[in-house]
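What you see is a predicted model; the values in this text were computed from it and never measured. Below, read A as the first sequence line, B as the second, and so on, with proteins coming before strands; counting in each chain starts at 1.
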Amino acid sequence: MPERKSYKITHYRKWCKNCGICVAVCPKKVYEIDRNDRHAIVHPQDCIGCQMCVDHCPDFALTVEEVKDE
Amino acid sequence: MRLDFLRSERLPNIWCPGCGNGIVLRALLEAISQLQLDPDKVVLVSGIGCSSRAPAYTAFDNVHTLHGRAIPTATGIKLANPDLSVIVLTGDGDCSAIGGNHLIHAARRDVDITVVVFNNYNYGMTGGQASPLTPAASITTTTPSGNMDRPFDLVNLATGAGATYVARSGIYFTKHLVDHLRKAISHRGFSLVDAVAQCPTYYGRFNRKGSAGQMITSQKDWMVLKNVADKKNPEELAGKVVIGEFVNIIGARQADIDAAKEQS
Ligand SMILES: Cc1ncc(C[n+]2csc(CCOP(=O)(O)OP(=O)(O)O)c2C)c(N)n1
Ligand code: SF4
Ligand code: SF4
Ligand code: SF4
């Protein structure tokens, strides 16, 4: 069975406005807006690298890259 | 997207949380990256409005003009240096209200520029007033009991005025948006993309459209791809907004230009 790919999510806190769009578009529920109304990465291991959050973040605050271990 | 196209020292941008403008801007930078244009040959021109601030976040040469006047400025730039890709970034108010006359005449004359309309259905910058693209019955600051007027259909307006490339897309459909921006920029002649964005602060709040996340994902419910819409009857399409490519005429003006040359 092919090994499941893993991804590295980078969140630029300085640019993020905690709007929640990434929460709404992510198919894997990787993000949450937490109790303090702040963006939080809660299930990074579930990320499938689809780039939905990256393409829809209005503040250029996310990147998602495949982790290549060699 | 080429990150060096972004003037990152100017971020965070001034837009409200969840504003759609950043998503259109990102799609535009992606389209320019995919086209592999020489960044020194791209010029962005804008008018006034929240959306018209977009060019200032890019590394391209840009001009922030007067309200409604981006298109004539862009026309001048293109005439002076036809080698440039001249792209107008404008709001629904900027291009269809105060700048409406410039829009229809640039389309009529098939000026070789691209107009990207950040269409959030209202005047964001000045506090959420109605624009000529505000849907009927919508609440805005100037239509507190619902808009009595009908909006322009921007696609039909541009098509009727003679634009030779016309498309519409939405910020939920980012790949679709990038594809149509790319085609518009590479089109020779006047091209327009109606990029349906969102203003959660005014239009969204006044019309109870929910959170920024709900607004953007709802585009899946009220937008229909043109190839799907073409198979439906008008009743089925009531309340829906059709996205896709509507006009793509190559070499439209060549016969006219040849005839004019013949005369001279
Ligand atoms: C000549 C002139 N008239 C009016 C204004 C006020 N004004 C500033 S922005 C704007 C409307 C902006 O709406 P839109 O183009 O839809 O852009 P948005 O802010 O929604 O992105 C108006 C009327 C102005 N700046 N200049
Ligand atoms: S979409 Fe971007 S700005 Fe909005 S909460 Fe997510 S990371 Fe922050
Ligand atoms: S890349 Fe896709 S799966 Fe991963 S966090 Fe972003 S939206 Fe979620
Ligand atoms: S007022 Fe509306 S258009 Fe302007 S930045 Fe805020 S959300 Fe965006």
Side-chain angles (χ1 to χ4, degrees), chain A, chain B residues 1-31 33 50-51 53-54 57-58 118 120 169-179 195 197-201 204 209-220:
Chain A
M1 220 181 97
E3 205 152 311
R4 206 176 160 281
K5 289 178 181 170
S6 63
Y7 296 89
K8 178 168 169 278
I9 301 169
T10 310
H11 178 234
Y12 301 91
R13 168 66 64 199
K14 278 196 310 196
W15 295 349
C16 172
K17 295 183 189 140
N18 308 301
C19 70
I21 286 180
C22 53
V23 180
V25 299
C26 174
K28 292 290 169 188
K29 301 196 164 37
V30 169
Y31 307 113
E32 241 174 54
I33 295 296
D34 70 14
R35 273 179 284 139
N36 304 314
D37 292 331
R38 277 163 65 91
H39 172 279
I41 307 176
V42 286
H43 299 299
Q45 69 286 354
D46 293 343
C47 175
I48 53 166
C50 68
Q51 304 289 325
M52 285 289 279
C53 57
V54 177
D55 290 348
H56 291 92
C57 172
D59 290 280
F60 303 91
L62 290 166
T63 62
V64 175
E65 288 158 313
E66 193 182 330
V67 182
K68 295 218 168 80
D69 41 12
E70 254 155 283
Chain B
M1 190 198 98
R2 270 183 60 177
L3 281 169
D4 60 324
F5 286 172
L6 206 56
R7 213 173 273 186
S8 49
E9 72 278 10
R10 295 210 175 163
L11 296 177
N13 61 51
I14 59 143
W15 296 315
C16 305
C19 174
N21 291 342
I23 304 171
V24 182
L25 175 60
R26 186 187 184 91
L28 176 78
L29 297 181
E30 175 63 29
S33 305
C50 298
S51 41
R53 294 198 177 232
Y57 298 114
T58 74
F118 292 54
N120 60 15
S169 191
I171 54 170
Y172 181 75
F173 304 93
T174 48
K175 295 222 158 42
H176 184 270
L177 177 58
V178 170
D179 286 348
Q198 64 185 24
C199 173
T201 301
K209 299 289 184 191
S211 67
Q214 285 166 326
M215 280 185 89
I216 192 166
T217 50
S218 77
Q219 288 197 349
K220 284 186 285 187

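- Contact of the Leu25(B) side chain with the Phe60(A) side chain is registered, since non-hydrogen atoms from C-beta on lie closer than 4.5 Å.
- Across Cys19(A) and Pro17(B), no two heavy atoms sit closer than the pair CB-C, 3.8 Å.
- Interface residue Leu6(B): only side-chain heavy atoms are found under 4.5 Å from chain A.
- Annotation for Ile23(B) and Cys57(A): closest pair CG1-C, 4.4 Å, computed over non-hydrogen atoms.
- Here the closest heavy-atom approach between residue Ala24(A) and residue Gly213(B) is recorded as CB-CA, 3.5 Å.
- In this structure, the portion of Ile216(B) lying under 4.5 Å from any heavy atom of chain A is its side chain and not its backbone.
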Let me see the donor-acceptor pairs closer than 3.5 Å between chain A and chain B, or none if nothing turns up.
| unit_1 | atom_1 | unit_2 | atom_2 | d |
| --- | --- | --- | --- | --- |
| Lys17(A) | NZ | Asn13(B) | O | 3.0 |
| Lys17(A) | NZ | Asn13(B) | OD1 | 2.4 |
| Lys17(A) | NZ | Trp15(B) | O | 2.6 |
| Asp55(A) | OD2 | Lys175(B) | NZ | 3.4 |
| His56(A) | NE2 | Ile171(B) | O | 3.4 |
| His56(A) | NE2 | Tyr172(B) | O | 2.7 |
| Pro58(A) | O | Asn13(B) | ND2 | 3.3 |
| Asp59(A) | OD1 | Asn13(B) | ND2 | 3.2 |

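- Scanning for ring pair (Phe, Tyr, Trp, His ring centres under 6.0 Å) contacts around Tyr7(A) gives an empty result, with sequence neighbours left out.
- With a threshold of 4.5 angstrom between heavy atoms, Met215(B) does not approach chain A through any atom at all.
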